[in-house]
Amino acid sequence: MRSSLTMVGTLWAFLSLVTAVASSTSYFLPYWLFGSQLGKPVSFSTFRRCNYPVRGEGHSLIMVEECGRYASFNAIPSLAWQMCTVVTGAGCALLLLVALAAVLGCCMEELISRMMGRCMGAAQFVGGLLISSGCALYPLGWNSPEIMQTCGNVSNQFQLGTCRLGWAYYCAGGGAAAAMLICTWLSCFAGRNPKPVMLVESMRNTNSYAMELDRCLKP
């Protein structure tokens, strides 16, 4: 099975898949922000949360220890987190599409040319830029009441209070940076140059004609 990618292109396809999976997995996992509420650990992403308070008997608050997404888009605590959800999701989708095409290029001949590889690298740069923008928007939502209750009522924009950033936030940002810097550069050398099919065929036809003419002229 012949590939349409060079050796560098194979490395590019592997790294594209790794960065896309890392960023997308981090996007869906609710481990971007860690805090505590009512003595229980609480964690957030942009649209999901683990452990949340509900009214129990006697109108007292109790913590439900489970993870889930917010009931609706408008239920996300802040406008910044809503924007972060959309922007980061779009970036992850773009990285996944490029990674899928790159993996297919390892198995199919003439699927990815040199120019196509560079265009895919540009798409990776845009996807990484979108995810990075989402990571930059995330701290703007730390002043919402829901987050302040979890962070000791002292959090603010770009101030975590008693909370701390989780590993998923760093993983998403690291995947975006790798896609923008490493994968985009490798994509410039990923595809093979197209074969000059027409020129080769023309040369074959010319050589055949010359041989036939030479045979006719020989006594």
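What you are looking at is a predicted structure, and each value in this text was computed from that prediction instead of being measured. FYI, side chains are in, hydrogens and waters are out, and symmetry mates aren't considered; it's all heavy atoms of this structure.
Taking OH of Y27 as the reference point, atom CH2 of W32 lies at 8.5 Å (rounded to 0.5 Å). Between L33 atom CG and S43 atom OG the span is 8.5 Å, to the nearest 0.5 Å. Note that CG of L94 and OG of S23 are 11.5 Å apart. Values are rounded to the nearest 0.5 Å. The structure places CD of Q37 at 8.0 Å from CG of L61, a figure rounded to the nearest 0.5 Å. In this structure, the separation between CD1 on I112 and SG on C119 is 11.5 Å, given to the nearest 0.5 Å.
In terms of heavy atoms, R114 sits closest to C188 at CD-O, 3.2 Å. In plain terms, the two heavy atoms of I147 and G141 that are nearest each other are CG1-O, 3.7 Å. Shown here for N143 and Q157, the closest heavy-atom pair between the two residues is ND2-NE2, 3.5 Å. Heavy-atom minimum distance, L96 versus A20: CD2-CB, 3.8 Å. Contact detail for G105 and L111: the closest heavy-atom pair is N-CD2, 3.6 Å. Nearest heavy-atom pair across T184 and S187 is O-OG, 2.6 Å.
Annotation: M116, atom CE; neighbour count of heavy atoms from other residues, nucleotides and ligands within 6.0 Å does not exceed 12. A 6.0 Å sphere centred on CZ of R69 holds no more than 12 heavy atoms belonging to other residues, nucleotides or ligands.
In this structure, the side chain of T6 engages the main chain of G9 through a donor-acceptor pair within 3.5 Å.
Screening residues 80-119 for ring-ring contact (aromatic ring centres under 6.0 Å, His included), with sequence neighbours left out, gives F44-W81, W81-Y138.
Take S16 and apply the side chain to side chain donor-acceptor pair (under 3.5 Å) test, not counting sequence neighbours, and it matches W12, Q124. The side-chain contact (heavy atoms from CB on, under 4.5 Å) test applied to V21 returns L17, T25, not counting sequence neighbours. When the side chain to side chain donor-acceptor pair (under 3.5 Å) test is applied to Y70, the partners found at least two apart in sequence or on another chain are E146. With sequence neighbours left out, the side-chain contact (heavy atoms from CB on, under 4.5 Å) criterion links N51 to P41, V42, M63, E65.
Classified by interplanar angle (parallel below 30°, tilted 30° to 60°, perpendicular above 60°), the ring pair Y31/F34 is parallel.
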For L95 and I131, run side chain to side chain contact (heavy atoms under 4.5 Å, CB included): C-alpha distance rounded to whole Å, both residues' side-chain angles, the deciding distance at 0.1 Å, then the answer.
CA-CA 10 Å; L95 290 187; I131 298 173; 3.6 Å; yes

Just do the side chain to side chain contact (heavy atoms under 4.5 Å, CB included) check on Q82 and F47 with the steps written out, would you?
CA-CA 8 Å; Q82 292 174 355; F47 63 98; over 6 Å; no

Contacts table for residues 158-181: side-chain donor-acceptor under 3.5 angstrom, sequence neighbours left out:
{"unit_1": "T162", "atom_1": "OG1", "unit_2": "C151", "atom_2": "O", "d": "3.2"}
{"unit_1": "T162", "atom_1": "OG1", "unit_2": "G152", "atom_2": "N", "d": "3.3"}
{"unit_1": "Y169", "atom_1": "OH", "unit_2": "C135", "atom_2": "O", "d": "2.8"}

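The side-chain heavy atoms of P30 and R49, taken from C-beta on, include no pair separated by under 4.5 Å.
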